[in-house]
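My questions will all concern the structure given below.
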2 protein chains.
Amino acid sequence: MSLRHAILGLLARKPSTGYELSGMFDASLRSAWHARHSQIYPELARLEEGGLVEVVDRGPRGSKTYALTDDGRTELRRWLVDDEPDRSQRNESAVRLFLNQLLDPADRRKVFTRDLEHVEAETAALLDLRERMDPDEPFAAQIELGLRINEVLATWLREQAER
Amino acid sequence: MSLRHAILGLLARKPSTGYELSGMFDASLRSAWHARHSQIYPELARLEEGGLVEVVDRGPRGSKTYALTDDGRTELRRWLVDDEPDRSQRNESAVRLFLNQLLDPADRRKVFTRDLEHVEAETAALLDLRERMDPDEPFAAQIELGLRINEVLATWLREQAER
DNA sequence: GCCATCATGTAAAAGGTTACATGATTTT
DNA sequence: AAAATCATGTAACCTTTTACATGATGGC
């Protein structure tokens, strides 16, 4: 399980309420992870009980701002550095790519064109993000990686669609 | 849900027993999807009940070989071509990449080096697979894509490790 | 005869999604 | 005053993992 680590990671960047975390799972981590508030609130309660996070502020509408404790920071570092990543997680896009060979040429072209559109939209979003961003923000390198991977994908998809 | 579609896809390539499917989820789909036999057998039963697959052979040890029916083939095509792919699936590697910025330089280098070793091992496995493969097999293009993405990843990881 | 592998299933527990439920503030 | 947004929680349901359970066959 590592919803707990995703939450610890987001809280390490900035102390937040469960509601704000919910927004970050939609925005920053968009395609990488999605967690609903119904999962976030109970997990925050468990993390607090385990002493990995603590409530550092309360807002006017009953909101609770959580931050990492020292134990939380230690656990996050341990997970990132010492735990072998679980690389076996399911990826529907890869399964579809693998199965595309089964389609006849017309269907295959249709699918590749749809995928290409999606990659191009994502590239546009990343370019936009990079433009509006502080150039020496540490996240810049990750955006660069995303752009390079999307370029490879777009090239490959165009080749396939033209076959 | 699309474990059912992954199974339909594998059966479209070749009629198989549940045991063989279980092996394919480990081998062909390795990092893209992993399903245990405890999930596969009940799903095969449901697919048979729904008329999407049928038993076409029985082996000496009580094995049942399943194949797609016409309905199964139709449903697989519908899913691949007409269903909008679910691109929001969780990806632990991406979360780790996103959180790496939180680490101090020594830890970050350690993590990038570990990732680089993994990418290089995967590249070697893909090269080996390509070598031992029929050159006009339709799967060749997917291997090519994997190699290109891994090259981008390796380059990026080396840049990051040297920073 | 023994061990590895083939082969299928069920049950319990954990993780994740959808739906239900409520209420406070801020904006229009 | 109404609507949007902020804010938290629980319950029912579905999916996935781990553990339990059993047995046949082929090679040594």
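This one's a predicted model, so the numbers in the text were calculated from it and none came from an experiment. Sequence lines set the chain letters: A, B, ... in the order given, protein chains first and strands last, and positions in each chain run from 1.
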Whole-Å distance, B/Q39 CD to D/dT18 P, equals 11 Å
### Query
Would you say a side-chain N or O of A/K64 is under 4.0 Å from OP1 or OP2 of D/dG9?
yes
Q) Does the pair A/D71/A/R78 count as a salt bridge with the N-to-O cut at 4.0 Å? A) no
Contacts of B/E117 meeting side chain to side chain donor-acceptor pair (under 3.5 Å) (sequence neighbours excluded), chain-then-number -> none
Contacts satisfying side-chain hydrogen bond (donor to acceptor under 3.5 Å, both in side chains) that involve residues 55-64 of chain B (not counting sequence neighbours) are none
In short, salt bridge (charged side-chain N to carboxylate O under 4.0 Å, His left out) pairs touching residues 89-99 of chain A with sequence neighbours left out are A/E92-A/R96
query = Is the base of C/dT18 touched by the side chain of A/S38 through a donor-acceptor pair closer than 3.5 angstrom?
reply = yes
Can you tell me if the side-chain N/O atoms of B/R36 get under 4.0 Å from OP1 or OP2 in D/dT16? no
Separation of D/dT8 atom P from A/R46 atom CZ, nearest Å, is 16 Å
Quiz item: Any sub-3.5 Å donor-acceptor pair from B/S31's side-chain atoms to A/R87's backbone N or O?
Solution: no
Quiz prompt | C/dG9 phosphate, OP1 or OP2, under 4.0 Å from B/Y41 side-chain N/O | solution = no
Between OH of B/Y19 and C1' of C/dG9 the distance, given in whole Å, is 15 Å
Testing C/dG16, C/dA7, D/dT8 for proximity to the side chain of B/S63, the answer is C/dA7
To the nearest angstrom, the CG-P distance between A/L3 and C/dG16 comes to 6 Å
Between CZ of A/F25 and P of C/dG16 the distance, given in whole Å, is 10 Å
So the ring-ring contact (aromatic ring centres under 6.0 Å, His included) pairs with at least one residue in residues 132-160 of chain A (sequence neighbours excluded) are A/F112-A/W156, A/F139-B/F98
Rounded to whole Å, the CG-P distance (B/L21 to C/dC6) equals 14 Å
A/D26 atom CG is separated from C/dT17 atom P, nearest whole Å, by 11 Å
The side chain to side chain donor-acceptor pair (under 3.5 Å) partners of B/R108 (sequence neighbours excluded) come to none
Ordered by number, residues from residues 84-94 of chain A within less than 4.0 Å of DNA chain D (heavy atoms) are A/R90
Rounded to whole Å, the CG-C1' distance (B/L44 to C/dG9) equals 12 Å
Side chain to side chain contact (heavy atoms under 4.5 Å, CB included) filter on B/R109, not counting sequence neighbours, yields B/P105, B/A161
Per-nucleotide protein contact along nucleotides 20-28 of chain C, 5' to 3', at a 4.0 Å heavy-atom cut-off (B base, S sugar-phosphate only, - neither), is ----BBS--
Going by atom type alone, with no hydrogens or angles, which donor-acceptor pairs under 3.5 Å involve a side-chain atom of residues 9-19 of chain A and a protein atom two or more places apart or on another chain?
from	atom 1	to	atom 2	distance (Å)
A/R13	NH1	B/Q101	OE1	3.3
A/S16	OG	A/K14	O	2.7
A/T17	OG1	A/Y19	N	3.4
A/T17	OG1	A/E20	N	3.0

